[in-house]
Amino acid sequence: MLVLPRDLTRSQANACLQMLVQGLPAVSANPVVVDAGALERFDSSALAVLLELRRETLVHGKSLVIRALPNGLRDLATVYGIAELLPGA
């Protein structure tokens, strides 16, 4: 399982994505589960990170499931029309 940090805004996005992508090969489960339960402060950059991580999981022949996505981020994904790309567990 991969875990999102407490804060995921534009200033943390690149480092967070790099950390998640580096951890991806160590995850043997399919689907890959991302725990967003700790996420408290975020902006649309969090969605960009999750979409890029989804792309990376597909490259590895796996799918992505997000657990405990905050309602505010789910609402933002809905507004952007991408909520169906970020399935919940």
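By convention here, the first residue in the shown sequence is residue 1. None of the values given here were measured: they were computed from a predicted structure.
At distances below 3.5 Å, at least one donor-acceptor pair connects side-chain atoms of Arg74 with backbone N or O atoms of Leu86. Between the side chain of Asp35 and the backbone N or O of Ile66, no donor-acceptor pair lies under 3.5 Å. With hydrogens and angles ignored, the 3.5 Å screen pairs no side-chain donor or acceptor of Lys62 with any backbone N or O of Leu24. In this structure, Arg41 contributes its side chain and Leu8 its backbone to no donor-acceptor pair below 3.5 Å. Side-chain N or O atoms of Asn30 include one that pairs as donor or acceptor with a backbone N or O of Ser63 at under 3.5 Å. With Gln12 contributing its side chain and Thr9 its backbone, the two residues share a donor-acceptor pair below 3.5 Å.
When every heavy atom of Glu56 is checked against every heavy atom of Val21, the shortest pair comes out as CG-CG2, 3.8 Å. Pairing each heavy atom of Leu39 with each of Pro5, the nearest pair is CD1-O, 3.2 Å. Summarising the geometry of Leu64 relative to Leu50, their closest heavy-atom pair is CD2-O, 3.8 Å, with the distance given to 0.1 Å. Shown here for Leu17 and Leu53, the closest heavy-atom pair between the two residues is CD1-N, 4.1 Å. Val32 and Leu2 make their closest contact through CG1-CD1, 3.9 Å (heavy atoms, listed as atom of the first residue, atom of the second, distance). Shown here for Gly88 and Val65, the closest heavy-atom pair between the two residues is C-CG1, 3.5 Å.
Linking Ile, Leu, Val, Met, Phe, Trp and Tyr whenever their side-chain heavy atoms come within less than 4.5 Å leaves Leu20 and Leu58 in two separate clusters.
Here Arg55 contributes atom CZ and Glu52 contributes atom CD; the two are 4.0 Å apart, rounded to the nearest 0.5 Å. Note that CD1 of Ile82 is 9.0 Å distant from OG of Ser44, once rounded to the nearest 0.5 Å. Interatomic distance, CZ of Phe42 versus CG of Leu47, reported as 8.5 Å (0.5 Å rounding).
Atom CG of Asn14 is surrounded by 12 or fewer heavy atoms from other residues, nucleotides or ligands within 6.0 Å.
In this structure, Val34 and Met1 have side chains that are not in contact, with every pair of non-hydrogen atoms separated by 4.5 Å or more.
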